[in-house]
**Q** 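Here it is, the structure, as structure tokens.
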Amino acid sequence: MDPQETKDCPLCGQSNPRVRYQFDACAIVRCRSCGLMWLFPRPLLEDLQETYGKDYFANERFMSNQNEYLYGYHDYIAERINKQFGYKKTVKKTKALLQAQPDGNKAPTWLDVGCGLGYLMDVAFDQNFEVHGIEFNAAAVAYINSKYRYPTMLGTLEDMPHERKFDVISMMDVVEHFRDPFANLRKARELIEPNGYLLLSTMDSDSLMSRFLGKRMEDFRRTEEHLYFFSRATMARVLDECGWECVAMESIGHTFQLEFLLDRLALVSPFVARFIKACIYPKWLLEANLYCNPGTKFLAYAKPKPAL
């Protein structure tokens, strides 16, 4: 953890936040003024680099229910079909928004920030987008380069050249990982076309379910990688201060295999998960896919504010 870090709110600058959730070596604090929540102290850059290693997308210790192993994915490749099923709706909606504009006939460009193993890029490509990716995890970039022809850069958004412009920039479950989300959103503003869109999904830290579960919730427990926690109100303010106009927010869920969903539930309430699993008959139902939307995540659509 960074010993030089201060407790000043990164959004409004106020000091003396209150501790919302205390963990062993860190805490999630909340600004008393604007409501932004963040991890204090944050991991050092070298700690984050270790977290985003080769096992990030195949973390065999994920289900151990220990916070230090609660990062990445248990088996990201197994989740591919369900993740892409959800992405299709988002990509089609974005394509319709772009086609409604005067330059909607040109081939649109899409930059996926934190593109993982390329699942969103793959869906966007099928909808005739020219796709590009940027990813901090070297193993993920190597996977994409071995499987696809999509241009994918290893690095951070700040490494992108200023002269490159995109019609769509997506940050799906990424902004909470940034050490400086404000700098990244300002850089994205420099890279967007005047009529382009930013798509940003993240946890809704003030949703009813998030507040009910509190520190038992998986997203709060991911202290190895989640550095910021946004409500809809704080995200709208962050976007505004970084040069964006938020035009829509919607709650989004995800499709899971039922057995895997119950395994995830066990991270919150092992007894409830075991009881539900024992009651399910016939057992082949555990292999069924189930859409789940507890209201703990939102997707924001934003357009660039005109430059002054």
Side-chain angles (χ1 to χ4, degrees), residues 1 21 23-26 28 39 42-44 46-87 114-120 135-144 172-178 201-205 209-210 213-229 252-278 280 286-294 296-297:
M1 300 294 181
Y21 304 119
F23 297 98
D24 290 339
C26 58
I28 296 173
L39 188 70
R42 296 175 305 176
L44 296 169
E46 49 265 36
D47 295 327
L48 292 174
Q49 289 173 330
E50 183 176 346
T51 296
Y52 301 119
K54 293 181 179 180
D55 68 339
Y56 187 82
F57 295 99
N59 182 359
E60 295 179 353
R61 298 176 292 185
F62 186 90
M63 297 299 184
S64 68
N65 211 16
Q66 300 179 55
N67 287 11
E68 61 265 35
Y69 300 133
L70 200 58
Y71 61 85
Y73 301 86
H74 176 64
D75 187 349
Y76 192 68
I77 291 179
E79 296 184 47
R80 174 181 177 175
I81 293 176
N82 286 334
K83 282 190 172 293
Q84 291 188 321
F85 179 81
Y87 287 151
C115 58
L117 302 187
Y119 298 166
L120 176 56
E135 170 58 51
F136 186 70
N137 188 309
V141 174
Y143 175 89
I144 292 174
M172 310 301 281
D173 301 316
V174 170
V175 69
E176 64 270 19
H177 297 252
F178 291 141
S201 69
T202 190
M203 171 197 178
D204 186 348
S205 62
M209 185 60 69
S210 298
L213 293 176
K215 67 181 296 183
R216 293 175 297 165
M217 188 169 174
E218 179 187 311
D219 287 86
F220 286 135
R221 294 175 59 196
R222 288 175 173 259
T223 56
E224 301 296 315
E225 56 177 339
H226 285 185
L227 311 182
Y228 289 89
F229 307 87
I252 57 173
H254 184 59
T255 299
F256 295 96
Q257 187 182 70
L258 180 55
E259 185 171 24
F260 182 64
L261 179 61
L262 292 174
D263 289 340
R264 297 286 285 268
L265 177 62
L267 298 175
V268 177
S269 180
F271 173 78
V272 172
R274 287 197 301 269
F275 176 78
I276 295 175
K277 186 176 289 190
I280 292 176
L286 290 170
E287 300 179 6
N289 290 326
L290 179 69
Y291 178 76
C292 179
N293 185 359
T296 57
K297 184 178 294 188

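Counting begins at 1 with the first residue of the sequence.
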**Q** Would you call the rings of Tyr56 and Tyr73 parallel, tilted or perpendicular, where under 30° means parallel and over 60° means perpendicular?
**A**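 If you compare the ring of Tyr56 with that of Tyr73, the planes turn out perpendicular.
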
**Q** Between Leu48 and Leu227, is any pair of side-chain heavy atoms under 4.5 Å apart?
**A**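 The answer is yes; the side chains approach within 4.5 Å.
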
**Q** With sequence neighbours left out, what residues match Asp173 under salt bridge (charged side-chain N to carboxylate O under 4.0 Å, His left out)?
**A**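 Per chain and number, Asp173 pairs via salt bridge (charged side-chain N to carboxylate O under 4.0 Å, His left out) with Lys297.
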
**Q** Please check if atom CZ in Phe85 has more than 12 non-hydrogen atoms from other residues, nucleotides or ligands closer than 6.0 Å.
**A**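 Counting other residues, nucleotides and ligands, CZ of Phe85 stays at 12 neighbours or fewer.
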
**Q** Applying side-chain contact (heavy atoms from CB on, under 4.5 Å) to Lys277 and Asp263, what does each step give before you reach the verdict?
**A** CA-CA 9 Å; Lys277 186 176 289 190; Asp263 289 340; 3.0 Å; yes

**Q** Would a 4.5 Å heavy-atom cut-off, applied to side chains only, mark Ile144 and Cys115 as touching?
**A**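 Yes, close enough: below the 4.5 Å cut-off.
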
**Q** For residues Ile280 and Leu258, determine if any side-chain heavy atom of one lies less than 4.5 Å from a side-chain heavy atom of the other.
**A**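 The answer is yes; the side chains approach within 4.5 Å.
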
**Q** Any heavy-atom pair between the side chains of Met63 and Arg264 that's under 4.5 Å?
**A**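 Yes, side chains in contact.
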
**Q** Within this structure, what is the CZ-CG distance for the pair Arg61 and Leu70, rounded to the nearest 0.5 Å?
**A**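 It is 12.0 Å, given to the nearest 0.5 Å.
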
**Q** For Pro43 and Thr223, which heavy atoms make the closest approach, and how far apart are they?
**A**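 Heavy atoms only, the tightest pair is CG-O, 4.0 Å.
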
**Q** For residues Tyr119 and Tyr76, establish whether the separation of their ring centroids is below 6.0 Å.
**A**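 Ring-ring flag for Tyr119/Tyr76: true, centres closer than 6.0 Å.
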
**Q** Would you say the side chain of Leu267 lies within less than 4.5 Å of the side chain of Phe62, judging by non-hydrogen atoms?
**A**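 Phe62 reaches Leu267 side chain to side chain.
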
**Q** Using the side-chain contact (heavy atoms from CB on, under 4.5 Å) rule, take Glu259 and Glu287 through it: C-alpha gap first, then chi angles, then the decisive distance, then the call.
**A** CA-CA 6 Å; Glu259 185 171 24; Glu287 300 179 6; 5.5 Å; no

**Q** So, using salt bridge (charged side-chain N to carboxylate O under 4.0 Å, His left out) as the criterion, who are the partners of Glu225 when residues are at least two apart?
**A**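 Scan of Glu225 (salt bridge (charged side-chain N to carboxylate O under 4.0 Å, His left out), adjacent residues dropped) gives Arg222.
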
**Q** Kindly indicate whether the side chain of Leu39, heavy atoms from C-beta on, has any atom under 4.5 Å from the side chain of Ile28.
**A**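 Yes, at least one pair of side-chain atoms sits under 4.5 Å.
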
**Q** Would you say Met203 and His226 make side-chain contact, with heavy atoms under 4.5 Å?
**A**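 Not in contact.
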
**Q** What's the spacing between Leu286 CG and Ile276 CD1 if we round to 0.5 Å?
**A**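 One gets 11.0 Å once the value is rounded to the nearest 0.5 Å.
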
**Q** Arg80: what forms a salt bridge (charged side-chain N to carboxylate O under 4.0 Å, His left out) with it, not counting sequence neighbours?
**A**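 Per chain and number, Arg80 pairs via salt bridge (charged side-chain N to carboxylate O under 4.0 Å, His left out) with Asp122.
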
**Q** Are Asp47 and Arg42 close enough for a salt bridge, meaning some N to O gap below 4.0 Å?
**A**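 No.
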
**Q** Looking only at non-hydrogen atoms, find the nearest pair between Phe57 and Gly116 and report the distance.
**A**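 It is CZ-CA, 3.7 Å.
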
**Q** Keeping the roles fixed (side chain from Ser269, backbone from Leu265), state whether a donor-acceptor pair exists under 3.5 Å.
**A**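 Pair absent, no side-chain N/O of Ser269 close to backbone of Leu265.
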
**Q** Would you check if Leu213 and Thr296 make a side-chain contact, meaning some heavy-atom pair closer than 4.5 Å?
**A**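 A side-chain contact under 4.5 Å is absent here.
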
**Q** For Asp55, enumerate each residue passing the side-chain hydrogen bond (donor to acceptor under 3.5 Å, both in side chains) test, keeping only those at least two apart in sequence or located in another chain.
**A**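 Expected list: Tyr71.
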
**Q** Please determine whether the number of non-hydrogen atoms from other residues, nucleotides or ligands lying under 6.0 Å from atom CD of Glu46 exceeds 12.
**A**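 Atom CD in Glu46 is packed in, count exceeds 12.
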
**Q** Are more than 12 heavy atoms from other residues, nucleotides or ligands located less than 6.0 Å from atom NZ of Lys215?
**A**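 Correct, the count exceeds 12.
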
**Q** Got a second to check how far Lys83's NZ is from Ile81's CD1, nearest 0.5 Å?
**A**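 Going from the NZ atom of Lys83 to the CD1 atom of Ile81 covers 13.5 Å.
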
**Q** Rounded at 0.5 Å granularity, tell me how far OG1 in Thr202 sits from CG in Asp219.
**A**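 It is 8.0 Å, given to the nearest 0.5 Å.
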
**Q** Do the side chain of Asn59 and the main chain of Tyr69 share a donor and acceptor less than 3.5 angstrom apart?
**A**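 Pair found, side chain donor or acceptor close to backbone of Tyr69.
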
**Q** How long is the straight-line distance from CD of Glu68 back to OG1 of Thr51, given to the nearest 0.5 Å?
**A**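 CD of Glu68 is found 11.5 Å from OG1 of Thr51.
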
**Q** Quick one: pull up CZ in Phe260 and CG in Asn82 and give me the separation to the nearest 0.5 Å.
**A**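 The CG atom of Asn82 is 10.0 Å from CZ of Phe260, to the nearest 0.5 Å.
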
**Q** Taking only residues two or more places apart in sequence, or in another chain, which ones meet Arg216 in a salt bridge (charged side-chain N to carboxylate O under 4.0 Å, His left out)?
**A**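 Partners of Arg216 by the salt bridge (charged side-chain N to carboxylate O under 4.0 Å, His left out) criterion come out as none, since no residue qualifies.
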
**Q** Looking only at heavy atoms, what is the nearest atom pair of Ser205 and Ser210, with distance?
**A**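 Heavy atoms only, the tightest pair is O-CB, 3.6 Å.
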
**Q** With a 3.5 Å distance limit and no angle check, can you tell me whether Arg274 reaches the backbone of Ala266 through a side-chain donor-acceptor pair?
**A**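 Such a contact is absent between Arg274 side chain and Ala266 backbone.
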
**Q** Please check this pair: side chain of Asn137 against backbone of Gly53, looking for a donor-acceptor N/O pair closer than 3.5 Å.
**A**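 Checking the backbone N and O of Gly53 against the side chain of Asn137, a donor-acceptor pair under 3.5 Å is found.
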
**Q** When you look at Arg221 and Asn65, which way does the side-chain contact (heavy atoms from CB on, under 4.5 Å) test go after all the steps?
**A** CA-CA 10 Å; Arg221 294 175 59 196; Asn65 211 16; 3.0 Å; yes

**Q** Taking Glu176 for its side chain and Phe229 for its backbone only, find out whether a donor-acceptor pair lies under 3.5 Å.
**A**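 No.
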
**Q** Is atom CD of Glu50 surrounded by more than 12 heavy atoms (other residues, nucleotides or ligands) closer than 6.0 Å?
**A**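 No, because the 6.0 Å sphere around CD of Glu50 holds 12 heavy atoms or fewer from other groups.
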
**Q** CZ of Phe23: more than 12 outside heavy atoms within 6.0 angstrom?
**A**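 It does: Phe23 CZ has more than 12 such atoms within range.
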
**Q** Tyr228: what forms a ring-ring contact (aromatic ring centres under 6.0 Å, His included) with it, not counting sequence neighbours?
**A**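 Once residues adjacent in sequence are excluded, Tyr228 has no partner under the ring-ring contact (aromatic ring centres under 6.0 Å, His included) criterion.
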
